[in-house]
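The next block holds one structure in the form of C-alpha cells; read it before the comments.
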Amino acid sequence: HDNISSFSGNASKELKEGENLAVCSSGSHASLNNTPTLAFPSISTSDFQFNLEKASDIIVEVVEEYVNKLGSARLVLVDVSHKSKILSLVKTKAAQKNIELNKFFTFVGDITKLYSEGGLRCNVIANAANWRLKPGGGGVNAAIFNAAGPALEVATKEQAQSLHPGKAVVVPLPSTSPLFSREGVTHVIHVLGPNMNQHRPNFLNNDYIKGCQILREAYTSLFEGFASIIR
Ligand code: AR6
C-alpha cells in the first residue's frame, strides 16, 4: 500500500511519525501500481548547502509548471527524516497552490527502499549527483550507487562521463540491478544542482542569482527527462 503524505490539515506543523497516510481503500490501488512515478530528493540542499527557503520555492514553482504536462504521472519529493525541513516547507507552499494531491506529494523514506519498505512504487528515481557521476561522496548519491550495485556505474558511463550544473542525464537501469528487481526502478536520472559548499567543485560563493537559475534549470531538466521516459 502506498503511504502517501497529503497536504491537507495544518501544513505548517512539523512532520510527525506516521504522517505517510495509507491509501488502501477503493479499487484505485491496482492502477496506482502502474502509474509512472518519479521519486526525487531535494537537489543541493544538504551537502551542497543551498538555502532551504529558496529551494522550496523553486521546487513548488517547477512542479506546478510540470505536473499537468505529465498526464497521470506522479512526482514525489522524498527525504529520509520525519523532521525534514525541506519536506515541511514544500508541503506548506504546495498546499497554497492548485496542485492535485495525488499527482504531487512528499514521502518520508529511503529513496532506495521506497517499494520494499514504504510500499510506494516509483519506476524512476532521481539522484543528487556530483559532476563526475561517480559513486560515493555520501548523501543520496552514495545510497543510490550502493543500492544499485555496479550495474548503475556501467550504465551511467554509457550515457555520460560528466555533468554541468543544472543538467540531468537519464540512465536506463539494467534488470540485473537490485534496485530494478527489488524496487521496480527502471531508470535513474542523475541531476547536478548548484553548489554553495566551498569545499565542493563549482562553488557559487553565495551567488543566489546564479544559484536559483541553476536549481530551476536542474528541476526542469529532471522533469523533462522523466517526461521523455514515460512518453
Ligand atoms: N533517501 C532519500 N533522501 C536522501 C537520502 C536517501 N537515502 N540520503 C540523503 N537524502 P545530498 P546535495 C536527502 O547531500 O546537497 C554527494 O556527495 C538529503 O536529506 O545527498 O545535492 C554528491 O556526490 C537531502 O534532502 O545532495 C554530491 O557531491 C537530499 O537528499 C553532493 O553530495 C540531497 O542531499 C550533492 O549534494
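Both backbone and side-chain heavy atoms feed into the values below; hydrogens, waters and symmetry mates do not. Numbering of ligands and ligand atoms starts at 1, following listing order.
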Quiz: residues 222-231 side-chain donor-acceptor pairs under 3.5 angstrom, not counting sequence neighbours:
{"unit_1": "Glu224", "atom_1": "OE2", "unit_2": "Tyr66", "atom_2": "OH", "d": "2.5"}
{"unit_1": "Ser228", "atom_1": "OG", "unit_2": "Gly225", "atom_2": "O", "d": "2.7"}

Under a 4.0 angstrom heavy-atom cut-off, which atoms of ligand 1 come close to [X]?
| X | value |
| --- | --- |
| Pro41 | 30 (O) |
| Ala129 | 27 (C) |
| Ala143 | 7 (N) |

Just wondering, are more than 12 heavy atoms of other shown residues or ligands nearer than 6.0 Å to NZ in Lys103? yes
Is the number of heavy atoms from other residues, nucleotides or ligands within 6.0 Å of CZ (Arg132) greater than 12? no
Side chains of [X] and [Y], heavy atoms from C-beta outward: is any pair under 4.5 Å?
| X | Y | result |
| --- | --- | --- |
| Val62 | Arg216 | yes |
| Trp131 | Leu133 | no |
| Ile59 | Phe40 | yes |
| Phe50 | Leu204 | no |

For [atom], which of the options [options] provides the nearest non-hydrogen atom?
| atom | options | answer |
| --- | --- | --- |
| atom 33 (C) of ligand 1 | Ser42, Ala39, Gly137 | Ser42 |
| atom 22 (C) of ligand 1 | Asn141, Asn197, Asn146 | Asn141 |
| atom 7 (N) of ligand 1 | Leu192, Asp110, Leu77, Asp79 | Asp110 |
| atom 14 (O) of ligand 1 | Asn127, Asp47, Thr112 | Asp47 |
| atom 12 (P) of ligand 1 | Gly109, Ser44, Ala55 | Ser44 |

Residue, atom name and distance, where the atom is the protein heavy atom closest to [atom]:
| atom | result |
| --- | --- |
| atom 11 (P) of ligand 1 | Ser46 CB, 3.8 Å |
| atom 6 (C) of ligand 1 | Val80 CG1, 3.4 Å |
| atom 26 (O) of ligand 1 | Ala128 CB, 3.5 Å |
| atom 20 (O) of ligand 1 | Val140 N, 2.8 Å |
| atom 23 (O) of ligand 1 | Asn130 ND2, 2.9 Å |

Heavy-atom pair of closest approach, residues Gly109 and Val78: O-CG1, 3.2 Å
Taking only Lys NZ, Arg NE, NH1 and NH2, and the carboxylate oxygens of Asp or Glu, determine whether Lys134 and Glu153 approach each other closer than 4.0 Å. no
Answer yes if the side chains of Lys93 and Ser56 hold a donor-acceptor pair under 3.5 Å, and no otherwise. yes
Non-hydrogen atom of Gly138 closer than 4.0 Å to ligand 1: yes
Based purely on interatomic distance, does Ile111 place a nitrogen or oxygen under 3.5 Å from a nitrogen or oxygen of ligand 1? yes
